[in-house]
A.B. asks: 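If you scroll down you'll find the structure; I have some questions about it.
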Protein chains: 2
Amino acid sequence: MRVAELSRRTGVSVASIKYYLREGLLPPGERTSPNQASYGEEHVRRLRLVRALIDVGGLSVAGTRDVLAAVDADDVALHHVLGATQDALLGEPAATDDDATERAGKLLDDLVARRGWRVTPTNPGRRAVVEILATSERLGTDVLAGLLDTYAETLEPLARREVGAVVARSDREDVVESAVLGTVLGAGLISALRTMAHESASAELASGAAPPPEG
Amino acid sequence: MRVAELSRRTGVSVASIKYYLREGLLPPGERTSPNQASYGEEHVRRLRLVRALIDVGGLSVAGTRDVLAAVDADDVALHHVLGATQDALLGEPAATDDDATERAGKLLDDLVARRGWRVTPTNPGRRAVVEILATSERLGTDVLAGLLDTYAETLEPLARREVGAVVARSDREDVVESAVLGTVLGAGLISALRTMAHESASAELASGAAPPPEG
DNA sequence: ATAGATGGAGAGTAGAACTATCCGCAGTGG
DNA sequence: CCACTGCGGATAGTTCTACTCTCCATCTAT
């Protein structure tokens, strides 16, 4: 198929498709003559993935390019792809090093040791957690620090199930794509479901702590 | 104190402080003469809150303004503030209405009914969840849909504890600020901790499913 | 043969978040 | 008293991102 059809089938403008081609988010089509090309189903699929990561996952074009490069490099391990995805999702936080940061780092290290988690020192999540805890301390709020253990306890079995669901896939391409989607869309899904659960819990509390509405 | 000191104590440039004043993120200082003003501790605190929401929470300047306006309007209820915060955090997703969206909506409604959650139809999280589920279906992945119940089951007690921790605060100002910080920074914290848990779970699985590293 | 895509490249645009420059007045040290 | 640095307020300029537009020399279908 040609750009016009690719555009029609994905809802992405031809101009944007050309832009994504230039930026390397989309592989070039197969040449049919020196200056004509044709695109296949894999382009449709890839383009939809790109839009999902950008629109729903909130990744930048550059971040998406990096993630997809990791997905395409089929010689790298799954954890590499996940690392790239997490980098794109969490961004590069500014490295400050004050008292609050140090205390936050210690708090997290203790937690990791206590629960026996196996995380590498370069895990992008680690930096992000430390920064958030430090920020929260600087603002004088202890709500998050107080809930840290609860978060870890809750997320541990959840993460196990997520990883289990992803590796259950048959071929590598599928595993990798599921991992990326699960990481990016899953984060959004959890965040959004959490706000729903907040409203529900808050309504419950306000109405006298009677869990189900009727029955 | 005057801008220079406010700038020094918060690490925000004078130019940015002026910008935030113009945009209404920061209330004007107290006039000491027709064209001089002085700022207090509350400005320091507010400015730090602004930077936390923007830098760590990833909110836009406009979103931050809206959230702070809700925080300041002390006649509105807590759930109003939370609604504004969730709006700023989740953004306004494009309203598409195809088969996938409809199925996703049904899937979520069933879940809500099954668990007896009390969420209003206008909850911003609802739109976001539906959009993510629909996107995931369009991409042909069923990983998220399969985990939906697990997510809900996991988040329900977590949300209850979070709401409990927030309302345990004494005065309203404190409750509101904790709620905002808990929502925004908590989302980031969960997301980051989750990636750590993923790495840990993945390492566990790779090394033969022996949960703790040693012992 | 000709009207309408197409590929490729470069320039242009819109929005967000600052950042810089000006100007007239304020407060302060000498 | 007065030079001088700082301040507030307003406007204009900058940088970055993610497109979007315009060309033009083909190519393709009719």
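Sequence lines set the chain letters: A, B, ... in the order given, protein chains first and strands last, and positions in each chain run from 1. The analysis underlying the following values was restricted to heavy atoms, covering all of them including side chains, and did not include hydrogens, waters or symmetry mates.
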A.B. asks: Could you pick out which residue, Gln36(B) or Ala62(B), lies toward the 5' side of DNA chain C when each is mapped onto its nearest nucleotide?
C.D. replies: Ala62(B)
A.B. asks: Quick check on dC27(D): is either OP1 or OP2 less than 4.0 Å from any side-chain nitrogen or oxygen of Asn35(A)?
C.D. replies: yes
A.B. asks: Chain A on DNA chain C: first and last contacting nucleotide, 5' to 3', under 4.0 Å to a heavy atom?
C.D. replies: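 The contact span of chain A on DNA chain C goes from dT6(C) to dG10(C).
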A.B. asks: Within the 4.5 Å heavy-atom criterion, are Met1(A) and Arg9(A) side-chain neighbours or not?
C.D. replies: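 Answer yes - side chains close enough.
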A.B. asks: In whole Å, what is the span from the CG atom of Leu53(A) to the C1' atom of dT17(D)?
C.D. replies: 17 Å
A.B. asks: Taking all heavy atoms of Arg118(B) and all of Ser200(A), pick out the closest pair and write down the distance.
C.D. replies: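 In this case the closest contact between Arg118(B) and Ser200(A) is N-OG, 2.9 Å.
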A.B. asks: Regarding Arg127(A) and Asp87(A), does a basic nitrogen lie under 4.0 Å from an acidic carboxylate oxygen?
C.D. replies: yes
A.B. asks: If you look at every heavy atom in Asp142(B) and Arg169(A), which pair is closest and at what distance?
C.D. replies: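 Asp142(B) and Arg169(A) have their closest heavy atoms at OD1-NH2, 2.6 Å.
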A.B. asks: Of all the heavy-atom pairs spanning Leu21(A) and Pro27(A), show the shortest one and how long it is.
C.D. replies: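 So the two residues come closest at CD2-O, 3.5 Å.
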A.B. asks: Listed in order of residue number, which residues of residues 3-32 of chain B have a non-hydrogen atom at under 4.0 Å from DNA chain C?
C.D. replies: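 By residue number: Ser13(B), Ala15(B), Ser16(B), Tyr19(B), Tyr20(B), Arg22(B).
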A.B. asks: Taking NZ, NE, NH1 and NH2 as the nitrogens, is one of them in Arg138(A) or Asp99(A) under 4.0 Å from a carboxylate oxygen of the other?
C.D. replies: no
A.B. asks: What's the verdict on side-chain hydrogen bond (donor to acceptor under 3.5 Å, both in side chains) for Asn123(A) and Thr120(A), showing C-alpha distance, side-chain angles and the deciding distance?
C.D. replies: CA-CA 6 Å; Asn123(A) 183 295; Thr120(A) 53; 5.1 Å; no
A.B. asks: Is a donor from one side chain sitting under 3.5 angstrom from an acceptor on the other, for Trp117(A) and Glu156(A)?
C.D. replies: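 Note: Trp117(A) and Glu156(A) side chains meet the donor-acceptor criterion.
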